[in-house]
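Just so you know, these numbers come straight off a predicted model, no measurement behind them. Nothing fancy with the numbering, it's 1 onward along the sequence.
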Amino acid sequence: MPPGSRKVAITGVALADCGRVDDATPYALHAQAARRALADAGLDRSLVDGLASAGTGTLAPVEIAEYLGLRPTWVDSTSVGGATWEVMAAHAADAIAAGHANAVLLVYGSTARADIRAGRRTGTLSFGARGPLQFEVPYGHTLIAKYAMAARRHMIEHGTTIEQLAQIAVQARANAALNPEAMFRDPITVDDVLSGPMIADPFTKLHCCIRSDGGAAVLLAAEEYVRDCRTAPVWVLGTGEYVSHVSMSEWPDFTVSPAAVSGRLAFERAGVRPEEIELAQIYDAFTYMTLVTLEDLGFCAKGEGGAFVEKGRLKAEGGDLPVNTDGGGLSAQHPGMRGLFLLVEAVRQLRGEAGARQVRRPDGSAPRLAVASGTGGWFCSSGTVVLGR
C-alpha cells in the first residue's frame with residue numbers, strides 16, 4: 001500500500017474512573033483507561049507501536065510508556081492545553097497513514113481535584129510569570145480573567161447576553177442528567193447560573209467548568225486492523241490544527257477563536273460541510289468557549305451564537321445540534337486537559353453506545369458524522385477532528 005494511503009480508524013475508546021477519585025494516582029488512571037480502551041477494541045497491546053501522552057511527569061510519553069509496559073517506535077508529547085488531544089489525534093492519523101505506526105494509543109490521567117483536596121497542589125490561577133506572560137501576570141490577569149474579558153468583548157460587539165451564555169450551562173447539565181458517569185446531574189436553571197457567586201465578571205460559578213479527577217484513552221489503528229476489532233470502526237475523515245497567540249495583546253480579535261482556522265481545515269480535508277455534522281463535542285472550560293467555537297466552526301454566523309444556543313438546540317435529547325452530549329466540562333468531568341474526552345464521547349455516539357443520551361437520526365439510527373474541537377490555553381490553540389462511520 002503506497003505511503004500515506006492507509007485509512008485510519010478509532011477502534012477503541014474508554015474512560016478511567018472519573019469524578020471523585022481519592023485513591024488512585026495519575027499513572028493508575030492512565031493504565032486503567034488504556035486497558036479499557038484496548039479491551040474495547042479487542043486488540044492486544046503488543047500491536048501498539050505508538051504512544052501519545054502529555055501532562056504527567058517530566059518526560060510524559062517515556063514515563064507513561066514505561067508504566068504501561070510499552071516500547072513504542074513512534075511517540076508524541078505535543079502539549080497545547082485543551083487542544084492537545086485533537087492535535088495528537090491529527091499527528092497519529094498522519095503517522096499511521098504514512099506507515100510510521102500501525103496502532104497509536106492516546107492516553108491521559110489526572111487527579112487534579114484529589115490533589116487540591118489533599119493539599120498536594122493549589123488552584124492554578126496563572127501559568128507562570130516568565131516570557132510573554134510577565135507583562136500580564138503582575139496585573140492580576142488570571143486564566144479565567146482572560147476568558148471573561150473575551151466574553152465581555154463578544155457581548156459588547158454582538159449583543160450577546162449573559163442569559164444566552166447561561167443557557168449553555170443549563171443544556172450541558174440537561175445532557176449530564178442522562179449520563180450516569182457525569183459528576184453533576186441535578187438540573188439547573190438560567191436563574192441558578194445567574195445567581196451564583198461571581199468568579200470573573202461576567203462569569204459566575206456555573207459558567208465555569210468543574211474540577212474532577214479522571215482519565216481517558218483512545219486507540220487509533222490502520223484500516224487493516226479493523227477486521228480484528230471487537231467494535232465497528234469510526235474513521236478519521238479530516239483534521240486541522242492552529243495556534244493563535246499567547247499574549248492577549250497579540251490576539252487580533254477576542255471574538256474569533258483559533259477554531260475558525262482548525263475547523264475550516266478539518267472540514268475541507270474531510271470533504272464535508274458544517275451543516276452535515278450531526279453532533280459536536282466542543283471544549284467548554286467556560287460557557288463562552290462553546291458559543292464562540294460554534295460560530296467559528298461554521299454552525300452559525302459570527303455574532304449569532306447567542307441566538308443559536310437558545311431553545312434547547314444543544315441538547316442530546318431533541319436538540320437541532322447536540323453539543324457535549326455527555327455533559328461536557330461544565331457538568332460531566334474536567335480533570336485538566338479534557339480534549340481526549342471529546343473524542344471518546346463522539347465515538348460512543350457514532351457507534352450508538354451512549355445510552356439514554358444517544359443522539360438519533362429521524363430513522364432511529366445513530367449519527368454518521370461528528371466533530372470534536374479542542375481549545376487550549378486562553379483560545380491560544382485549537383485542534384479539530386471530523387469523524388464518521
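The heavy-atom pair separating Met183 from Ser212 by the smallest distance is SD-CB, 3.5 Å. Residues Tyr147 and Phe286 approach most closely at CD1-CE1, 3.1 Å, considering heavy atoms. Minimum heavy-atom separation, Ser257 to Val292: CB-CG1, 4.1 Å. Contact between Ser382 and Ser373 at its shortest, heavy atoms only, is OG-OG, 4.0 Å. Closest non-hydrogen pair, Phe341 versus Gly214, comes out as CZ-C, 4.2 Å. Closest approach of Ala52 to Met88, counting heavy atoms only: CB-SD, 3.5 Å.
The environment of Arg230 atom CZ is dense: over 12 non-hydrogen atoms of other residues, nucleotides or ligands sit within 6.0 angstrom. With a 6.0 Å radius and a threshold of 12 heavy atoms from other residues, nucleotides or ligands, Glu317 has its CD atom at or below the threshold. For Arg361, the CZ atom is densely surrounded, since the number of other residues' heavy atoms within 6.0 Å is greater than 12.
Considering OG1 of Thr11 and CH2 of Trp235, their distance stands at 9.5 Å, rounded to 0.5 Å. We find the SG-CG distance between Cys300 and Leu291 to be 7.0 Å, quoted to the nearest 0.5 Å. In this structure, the separation between CH2 on Trp378 and NE2 on His245 is 8.0 Å, given to the nearest 0.5 Å. The CD1 atom of Ile199 sits 10.5 Å away from atom NE2 of His207, with the distance rounded to the nearest 0.5 Å. Rounding to the nearest 0.5 Å places CD of Glu304 at 10.5 Å from OG1 of Thr160. For the atom pair OG1 of Thr375 and CE of Met289, the computed distance is 4.5 Å after rounding to the nearest 0.5 Å.
Annotation: cation-pi geometry satisfied between Arg20 and Phe184 (NZ/CZ under 6.0 angstrom from ring centroid, within 45° of ring axis).
Here Asp296 does not pair with Arg264 in a salt bridge; the nearest charged N to carboxylate O distance is not below 4.0 Å. Taking the charged nitrogens against the carboxylate oxygens, Asp192 and Lys205 have no contact shorter than 4.0 Å, which rules out a salt bridge. A salt bridge is defined here as a Lys NZ or Arg NE, NH1 or NH2 lying under 4.0 Å from an Asp or Glu carboxylate O, and Asp40 with Arg351 meets this definition. Of the charged side-chain nitrogens involved, none lies within less than 4.0 Å of a carboxylate oxygen, so that Arg6 and Glu223 do not count as a salt-bridged pair.
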message: Determine whether Thr111 and Asp115 satisfy the following criterion, side-chain hydrogen bond (donor to acceptor under 3.5 Å, both in side chains), listing intermediate values before the conclusion.
response: CA-CA 6 Å; Thr111 51; Asp115 289 347; 3.1 Å; yes
- request: Check step by step if side chain to side chain contact (heavy atoms under 4.5 Å, CB included) holds for Val371 and Phe267.
  value: CA-CA 9 Å; Val371 64; Phe267 287 130; 4.3 Å; yes
message: Evaluate Lys7 against Ile96 for side chain to side chain contact (heavy atoms under 4.5 Å, CB included), listing each step before the verdict.
response: CA-CA 8 Å; Lys7 292 172 62 179; Ile96 294 170; over 6 Å; no
- request: Would you check, one step at a time, whether the test side chain to side chain contact (heavy atoms under 4.5 Å, CB included) holds for Val107 with Ile64?
  value: CA-CA 9 Å; Val107 61; Ile64 297 302; 3.9 Å; yes
message: Before you tell me yes or no, could you show the steps for His334 and Tyr283 under ring-ring contact (aromatic ring centres under 6.0 Å, His included), namely the whole-Å CA-CA distance, both residues' side-chain angles and the distance that decides it to 0.1 Å?
response: CA-CA 10 Å; His334 198 299; Tyr283 207 98; 5.5 Å; yes
query: Stepwise, does the side chain to side chain contact (heavy atoms under 4.5 Å, CB included) test hold for Gln281 with Asn324?
result: CA-CA 5 Å; Gln281 309 300 331; Asn324 296 338; 3.8 Å; yes
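For the residue pair Thr78 / Asp76, a side-chain donor-acceptor distance below 3.5 Å is found, with atom types taken as modelled.
A donor-acceptor contact shorter than 3.5 Å links the side chain of Trp85 to the backbone of Met337. Side-chain atoms of Glu181 do not come within 3.5 Å of backbone N or O of Cys18 as any donor-acceptor pair. Under the 3.5 Å distance criterion, the side-chain polar atoms of Arg211 are left unmatched by any main-chain donor or acceptor of Ala114. Here the side chain of Gln171 pairs a donor or acceptor atom with the backbone of Arg313 at under 3.5 angstrom. The main-chain N or O of Gly81 is found under 3.5 Å from a side-chain atom of Thr84 such that the two form a donor-acceptor pair. Looking at Thr161, its side chain does come within 3.5 Å of a backbone N or O of Gln164 through a donor-acceptor pair. Judged by distance alone, with hydrogens and angles left aside, the side-chain atoms of Asp284 form no donor-acceptor pair with the main-chain N or O of Thr290 at under 3.5 Å. With hydrogens and angles ignored, the 3.5 Å screen pairs no side-chain donor or acceptor of Thr287 with any backbone N or O of Ala169. Panel note: side chain His30, backbone Gly109; a donor-acceptor pair is recorded below 3.5 Å. Looking only at distances, no side-chain donor or acceptor of Gln333 sits under 3.5 Å from a matching main-chain atom of Gly19.
Screening residues 141-164 for salt bridge (Lys or Arg N to Asp or Glu O under 4.0 Å) gives Glu136-Lys146, Arg152-Asp201, Arg153-Glu157 as the qualifying pairs, with residues at least two apart or on separate chains.
In summary, of the residues considered (Arg357, Arg338, Arg185), a salt bridge (charged side-chain N to carboxylate O under 4.0 Å, His left out) with Asp326 occurs for Arg338 alone. Tested against Thr325, the residues Gln358, Glu345, Arg348 include a single side-chain contact (heavy atoms from CB on, under 4.5 Å) partner, Glu345.
Separation of the His154 and Tyr288 ring centroids falls under the 6.0 Å cut-off.
Taking the six-membered ring where tryptophan is involved, the planes of Tyr67 and Tyr27 are tilted, since the angle between them lies from 30° to 60°.
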